[in-house]
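Heads up, the thing below is written out as structure tokens.
Numbering of ligands and ligand atoms starts at 1, following listing order. When reading the values below, keep in mind they use all heavy atoms of this one structure, side chains included, and skip hydrogens, waters and symmetry mates. Just so it is clear, the structure is predicted and the values come from calculations on it, not from any experiment.
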Amino acid sequence: MTKLIDGKTIAARLTTEIAAEVEKLNKEQGCQPGLAVILVGEDPASQIYVRNKARQTEEVGMRSFEHRLSHRVSQQEVLDLISGLNDDDGVDGILVQLPLPDQISEHRVINAINPAKDVDGFHVVNRGHLATGMKGLVPCTPLGCLYLLKETLGDLNGKRALVLGRSNIVGRPMAELLLRENCTVTIAHSRTAELEAECRRAEILVVAVGRPQMVKREWVGEGAAVIDVGINRIEDDEGRQKLVGDVDFDGVSQVAGYITPVPGGVGPMTIALLLQNTLQAAIERRGLSRR
Ligand code: GUN
């Protein structure tokens, strides 16, 4: 019987723990962590993400600073805003919601953030820290996937893991995190030979490709733990919009040992880990201790 990995419940528990730590930090050390979020343009999905981030930031007792800019804003204006936030001592975390409009280089903007405030973990310094096994801020989505895997399986030592997808935001950092846990890690992608057979060998399968329901039942080994990072909007048979992952949930849940649903799996974990990263950034940047 496949067991559902309930990201919603696990994220709620983690968020409650973070709120308790924030309260303690505030009472004992007079520190209230602050998160600044920059949204450029009016993309409806990004607006929803940013609203949810701001709401949850305040719910755990942190300060939330929202900066909404027109889609016509220049790159220099965004860089100037980041420079001000880097210098603002009340701001512990800075997040620039992606994607950005064409006139703005994501690379330039992300790398203008002070790495100590880069709670997305996308800055080359933080990506380098993770790749070389040093301490730093780690991208929230792969961190959330790892949290779910450890909650579900406990020790990951020696497990055969396959990450499907090689993006800088999910696939690569995910593989690095699994390696840090002593898994034997394969990164598979669109050019991988015998992809189906490679996937079937994995005891842990993390899928982040952005292709609706691509991974089928035959791709998954008996008893594997399957983490589905995809969020795709498709039309069902009656023409209604629905959200599905990169994994064919109905088929795969007949063979997998554990599986995350979409929605309610990885999604809720991403914001919880963003809050955890903001707490970590506040503690480390201000030289405080986690008591
Ligand atoms: N857009 C989609 N996912 C993310 C994310 O994890 N961080 C940021 N900054 N933007 C995103």
Side-chain angles (χ1 to χ4, degrees), residues 7 11 14-15 34-57 64-69 71 73 75 78-79 81-82 85-86 91-102 104-115 117-127 130 136-148 163 165-174 176-177 206-211 227-233 243 245-246 260 262-263 265-278 280-281:
L14 177 59
T15 305
L35 172 65
V37 175
I38 301 174
L39 173 63
V40 183
E42 289 82 33
D43 176 58
S46 292
Q47 283 180 331
I48 294 171
Y49 286 136
V50 167
R51 203 175 316 134
N52 285 340
K53 284 170 186 169
R55 181 176 48 80
Q56 292 201 38
T57 302
S64 166
F65 309 98
E66 262 184 74
H67 297 270
R68 290 171 180 265
L69 306 174
H71 66 278
V73 73
Q75 177 169 288
V78 180
L79 293 175
L81 172 59
I82 290 173
L85 295 171
N86 282 343
V91 172
D92 296 285
I94 303 170
L95 180 147
V96 180
Q97 185 66 30
L98 303 177
L100 291 169
D102 292 345
I104 301 173
S105 153
E106 281 183 6
H107 181 79
R108 279 290 307 279
V109 162
I110 286 165
N111 290 304
I113 298 171
N114 174 356
K117 296 189 178 189
D118 167 40
V119 284
D120 252 334
F122 294 164
H123 192 291
V124 289
V125 165
N126 283 317
R127 290 289 294 104
L130 178 61
L137 289 160
V138 176
C140 309
T141 300
L143 209 50
C145 295
L146 184 69
Y147 195 100
L148 292 178
V163 180
R166 53 178 159 177
S167 73
N168 274 319
I169 292 181
V170 185
R172 287 169 205 245
M174 185 74 242
E176 288 154 6
L177 282 173
V206 181
V207 187
V209 282
R211 290 177 178 266
I227 305 289
D228 188 353
V229 182
I231 303 178
N232 310 286
R233 216 171 279 278
L243 287 183
D246 294 348
T260 56
V262 176
V266 174
M269 294 302 292
T270 297
I271 296 188
L273 272 299
L274 170 68
L275 301 174
Q276 178 160 286
N277 275 356
T278 306
Q280 179 190 330

Heavy atom under 4.0 Å from ligand 1: found in Tyr49's side chain, backbone, both, or neither?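 Neither part.
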What atoms of ligand 1 come closer than 4.0 angstrom to any heavy atom of [X]?
X	result
Gln97	1 (N), 9 (N), 10 (N), 11 (C)
Leu95	9 (N)
Val96	8 (C), 9 (N)

If you measure from [atom1] on [X] to [atom2] on [Y], what distance do you get to the nearest 0.5 Å?
X	Y	atom1	atom2	result
Asp92	Asn277	CG	CG	12.0 Å
Thr141	Met174	OG1	CE	10.5 Å
Leu35	Gln56	CG	CD	11.5 Å
Leu130	Glu176	CG	CD	4.5 Å

Heavy-atom distance to atom 2 (C) of ligand 1: which of Leu274, Leu98, Val50, Ile271 wins?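 The option holding the nearest heavy atom is Leu98.
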Can you name the nearest heavy-atom pair linking Thr278 to Gly34, along with the distance? CG2-O, 4.0 Å
Do Asp120 and ligand 1 have an N or O pair less than 3.5 Å apart?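 Between Asp120 and ligand 1, an N or O pair is found under 3.5 Å apart.
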